[in-house]
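Accompanying notes for the structure given below.
In each ligand, atom 1 is the first atom listed, and ligand 1 is the first ligand listed. Since we're looking at a predicted model, the values are computed, not measured.
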Amino acid sequence: MLKNSTILHIGIDDTDSPKGMCTTFLSYKIVKFLEKQKAEFVDYPSLIRFNPNIPWKTRGNGAVRLTIKTRNPNKIKKEIIQFITNYSDTKNGANPGLVFFQNQSIPQSFHKFSRLALWKLISRKTAKDFISNNKIDSFYLGNGQGLVGAIGAIGYKFSDHTFELLCYRKKSQFGKKRVKSVVLASTMVDTDEELDGYMVFKSNQGTADHLKNELQANDLRPYTSGFLVGKVCSKPVTEQGGHVFFSIQVGDKKIRCGVYKQTKITKTAQDLIPGDKIRLGGGIRKASKNYERVLNVEFLDVIKLEKNILLTNPTCKTCNKKMKSKGNRQGFECFRCGNKSFSKSSLEIPRKIQRKLYLPAISAHRHLTRPYQRLKKRNKFEIFDTSLEWLNIF
Ligand SMILES: [Zn+2]
């Protein structure tokens, strides 16, 4: 325990660009520096993925939180600002944000901000207002978009988590519960390159955090994520490219939904029929000139299947032949014996899909997708175990 020390939460986001360095690697460099400064880590470094359906995200839209105990918060803040300045890929479009919060407990306003950032589009203006209204110590470069994730990372509350181990130059993902097994896995990372070291992040990957919010059918904002429950109200149609589109009725709204070929659940979508009750998770795509707003489906949960009834002309009981229609509302007649019938016969066609959850193929998973093997799994809070080698510098 450090005497006269203070707790410092550090939120970092958007230091990377589609081309350049990763925020997690910059965090690794910062952690190495903090170790040298004898800062005491209070928790694992956290890697928080926010709404993946916003337009300007870099890769996984992941932000990092570091929580330490230190005697020299001011010196550390200065140095971290230097790290962000030196290593952020601002030339290639990074808009880094850095937020410091110096207190053990984190205010509700941070938690609220973080919850919204999981599924909404939050403007940098909102983030800047939050910072000035709450007099928060912060730093940014570029347009400051990274402030959103930096505030969100500090405010994030884990209700479930996974661990991710990242090696310098090599990155492997393990959704395992025990850190020990992740650390063990680091020895199995197959690499010819010399590694600098590895670091374990506590993460919300694989928790479907962005799809927990129920979207409001009468107020579907572009780039929001969440789920909708409704009834299929149009026959699914396969369009160019192999994508399947259909509509669902939610309240008095009809919402167009798209299942993309890459998800490999288009066959399932094709087998939906009007009347099926389903729950769909995904992100709202902005309307374009030619297309209306669409829910891009990230999971399809079949709640209730409608009976698939096929109405056909009746069969003559004497001749065992299909009767012919005599015209609109004129009934049916057997062309052999003249038997008459007034109603069609109904035939129930077995459904090809089941009442269950359908997820995209693993190749189409996002960082936040909750995979089948984690469906019922929740990793509860565990005490930060400093005996585990969450950081290893080779
Ligand atoms: Zn007949």
Side-chain angles (χ1 to χ4, degrees), residues 214-215 217-218 220 227-282 285 287 290-364 372 375:
E214 183 162 12
L215 292 165
N218 50 13
L220 287 182
F227 72 91
L228 284 167
V229 178
K231 275 190 176 175
V232 177
C233 63
S234 79
K235 248 182 119 173
V237 175
T238 304
E239 296 194 353
Q240 213 176 1
H243 314 307
V244 173
F245 291 88
F246 58 93
S247 295
I248 58 168
Q249 178 99 35
V250 183
D252 60 352
K253 298 281 172 202
K254 280 191 170 73
I255 296 144
R256 190 170 146 87
C257 308
V259 176
Y260 290 88
K261 195 184 174 186
Q262 305 81 274
T263 61
K264 298 187 180 156
I265 49 168
T266 47
K267 185 78 194 67
T268 306
Q270 274 168 348
D271 288 333
L272 290 167
I273 60 168
D276 284 345
K277 192 177 176 191
I278 57 177
R279 193 167 67 99
L280 294 174
R285 193 180 70 187
N290 302 317
Y291 299 98
E292 58 188 312
R293 220 160 265 186
V294 170
L295 175 80
N296 283 351
V297 175
E298 294 178 35
F299 75 70
L300 193 173
D301 191 9
V302 180
I303 297 169
K304 201 170 164 230
L305 287 169
E306 185 77 348
K307 279 188 176 172
N308 193 8
I309 304 290
L310 186 71
L311 292 173
T312 57
N313 288 5
T315 305
C316 173
K317 289 196 178 89
T318 316
C319 316
N320 200 26
K321 288 277 171 199
K322 280 257 181 271
M323 292 182 174
K324 283 253 150 58
S325 169
K326 290 172 69 184
N328 195 20
R329 294 172 183 243
Q330 301 295 307
F332 303 90
E333 190 178 79
C334 175
F335 68 97
R336 278 206 185 165
C337 68
N339 261 352
K340 287 184 175 63
S341 172
F342 287 95
S343 55
K344 286 199 168 191
S345 20
S346 57
L347 181 70
E348 191 182 337
I349 313 279
R351 299 296 307 270
K352 290 177 194 150
I353 51 175
Q354 293 168 285
R355 240 182 53 200
K356 64 168 211 175
L357 175 74
Y358 291 90
L359 289 177
I362 290 170
S363 58
Y372 284 118
L375 283 186

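Looking at N296, its side chain never comes within 3.5 Å of a backbone N or O of G282 through a donor-acceptor pair. Without hydrogens or angle criteria, R256 side chain to E292 main chain gives no donor-acceptor distance under 3.5 Å.
Around the Zn ion (ligand 1), the protein N, O or S atoms found under 2.8 Å comprise C316 SG, C319 SG, C334 SG, C337 SG.
Listed by chain and number, the residues in a side chain to side chain contact (heavy atoms under 4.5 Å, CB included) with D252 amount to none (sequence neighbours excluded).
Identified under the salt bridge (Lys or Arg N to Asp or Glu O under 4.0 Å) test for residues 340-353, with sequence neighbours left out: D276-R351, E333-K340.
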Let me have the donor-acceptor pairs involving side chains of residues 297-305, under 3.5 Å, with sequence neighbours excluded, atom names and distances please.
| residue | atom | partner | partner atom | Å |
| --- | --- | --- | --- | --- |
| E298 | OE1 | H210 | NE2 | 2.8 |
| E298 | OE2 | N53 | ND2 | 3.1 |
| E298 | OE2 | R366 | NH1 | 2.9 |
| D301 | OD2 | R279 | NE | 3.3 |
| D301 | OD2 | R279 | NH2 | 3.3 |

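More than 12 heavy atoms of other residues, nucleotides or ligands sit less than 6.0 Å from atom NZ of K322.
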